Engineer: 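Here it is, the structure in full.
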Protein chains: 2
Amino acid sequence: MSNIKVLPLLEPESGPESVAPCCPPLTERPFTAEEAERTARMFKALGDPVRLRLFSLVASHEGGEACVCDISDVGVSQPTVSHHLKKLKEAGLLTSERRGTWVYYRVEPSVLASMGRLLASP
Amino acid sequence: MSNIKVLPLLEPESGPESVAPCCPPLTERPFTAEEAERTARMFKALGDPVRLRLFSLVASHEGGEACVCDISDVGVSQPTVSHHLKKLKEAGLLTSERRGTWVYYRVEPSVLASMGRLLASP
DNA sequence: CTTGATGTTCGACATACGTCTATGTTGACA
DNA sequence: TGTCAACATAGACGTATGTCGAACATCAAG
């Protein structure tokens, strides 16, 4: 269960330049039902204030990754933090790795670029 | 009730170049609780497949606006469409205007740019 | 004014979601 | 092996959300 396959925004290992994003910009043409289904999952994952703080915290952290022990001031209990991090993982926005006692989360690098493309203005 | 004040992404009428977006890029620093609260509202609004299709449909439509009569193929009933369009309005993503018999929706122009900035890569 | 078309609002309902406390699981270290 | 710390999972609970059909509001045209 270490590979997230929920949201294949990019073809995995397709090379750094042959980016194949999930969907065209929102303004290019009406989304199909399937495109909307996949893309909405990302937006939904970021649609909760706590998750958005967690994501921002990980994304802005030194080295692009953060340990759960670093984040205890988001206003919710530790199990709730864990629950939200899991949601972000399921949406394909974060990955996690255990190193010794601690678990480190980092942002899936392709995601930010892909989401940015969705909102890109022509 | 014609002015949406829910999500002041930009200072209203602050001029075309003095853009004052709500929040820094997600990767710049951890979001505060208030920033997360405001920004999550946008993502949440786009976090539903039907709403995402509606938004994409309006955003990509001829002239940047679309009549409700044009959108009947999203798989839900017409009252549900109306309900979702209202949600998008409340999130500050769309505006509506009645012209005669029909109601036209258009995307709030500053929103796409602001959201793009949130996800911009350095 | 009446009729028909276009949207919106209103209840009602099932489901999903966010949160908590309590309990597991995993690894480090005596 | 036993114990502690870090994190995850399970179950429960209240609230929010998406959906529908029915009723309402608004406008154009007879």
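When reading the values below, keep in mind they use all heavy atoms of this one structure, side chains included, and skip hydrogens, waters and symmetry mates. Small disclaimer: the values here were computed from a predicted structure and weren't measured. Lettering follows sequence order; numbering is per chain, from 1.
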Engineer: Take A:Lys44 and A:Gly75, find for each the nucleotide of DNA chain C with the closest heavy atom, and name the residue whose nucleotide sits nearer the 5' end.
Structural biologist: A:Lys44
Engineer: Closer than 4.0 angstrom, basic N to acidic O: yes or no for A:Glu108 and A:Lys89?
Structural biologist: no
Engineer: Does B:Arg53 pair with A:Glu37 as a salt bridge, N-O distance under 4.0 Å?
Structural biologist: no
Engineer: Calculate the interatomic distance between B:Glu90 atom CD and D:dT17 atom C1'; express it in whole Å.
Structural biologist: 13 Å
Engineer: Do A:Arg117 and A:Glu28 pass the salt bridge (charged side-chain N to carboxylate O under 4.0 Å, His left out) test, and can you show the C-alpha distance, the side-chain angles, and the key distance before you say yes or no?
Structural biologist: CA-CA 11 Å; A:Arg117 238 186 317 272; A:Glu28 192 169 303; over 6 Å; no
Engineer: Could you tell me how far apart A:Lys87 (NZ) and D:dA8 (P) are, to the nearest whole angstrom?
Structural biologist: 15 Å
Engineer: Any residue in residues 52-66 of chain B with a heavy atom nearer than 4.0 angstrom to DNA chain C? Just list them by number, or reply none.
Structural biologist: none
Engineer: At their closest point, which heavy atom of A:Asp48 faces which heavy atom of B:Ala40, and how far apart are they?
Structural biologist: C-CB, 3.8 Å
Engineer: Is any side-chain heavy atom of B:Thr39 closer than 4.5 Å to one of B:Cys22?
Structural biologist: yes
Engineer: With sequence neighbours left out, what residues match B:Ser77 under side chain to side chain contact (heavy atoms under 4.5 Å, CB included)?
Structural biologist: B:Pro79, B:Thr80
Engineer: By side chain to side chain contact (heavy atoms under 4.5 Å, CB included), which residues pair with B:Lys44, not counting sequence neighbours?
Structural biologist: none
Engineer: Round to the nearest Å and state the distance from B:Leu46 atom CG to D:dT17 atom P.
Structural biologist: 15 Å
Engineer: Given atom CD of A:Glu97 and atom P of C:dG27, what is their separation to the nearest angstrom?
Structural biologist: 13 Å
Engineer: In whole angstrom, what separates A:His84's NE2 from D:dT9's P?
Structural biologist: 15 Å
Engineer: Does C:dT19 have its OP1 or OP2 closer than 4.0 Å to a side-chain nitrogen or oxygen of A:Ser77?
Structural biologist: no
Engineer: Below 3.5 Å is the cut-off: list the nitrogen or oxygen pairs between protein and nucleotides 5-8 of chain C, distance only.
Structural biologist:
residue	atom	partner	partner atom	Å
C:dG7	OP1	B:Cys69	N	3.4
C:dG7	OP2	B:Cys69	N	3.2
C:dT8	OP1	B:Tyr105	OH	2.7
C:dT8	OP2	B:Ser82	OG	2.6
C:dT8	O5'	B:Ser82	OG	3.1

Engineer: List for me each residue that meets side chain to side chain contact (heavy atoms under 4.5 Å, CB included) alongside A:Cys67, sequence neighbours excluded, and say none if there are none.
Structural biologist: A:Cys69, A:Asp70, A:Trp102, A:Tyr104
Engineer: Only counting residues at least two apart or in another chain, list the ones meeting side chain to side chain donor-acceptor pair (under 3.5 Å) with A:Glu34.
Structural biologist: none
Engineer: Identify whether any heavy atom of B:Arg99 sits under 4.0 Å from a base atom; if not, whether one sits that close to sugar-phosphate; answer base, sugar-phosphate or nothing.
Structural biologist: nothing
Engineer: Could you check which of C:dG18, D:dC20, D:dT17 has an atom nearest any side-chain atom of B:Thr80?
Structural biologist: D:dC20
Engineer: Take the protein atom CG of A:Asp48 and the nucleotide atom C1' of C:dA16, then report the distance between them rounded to whole Å.
Structural biologist: 13 Å
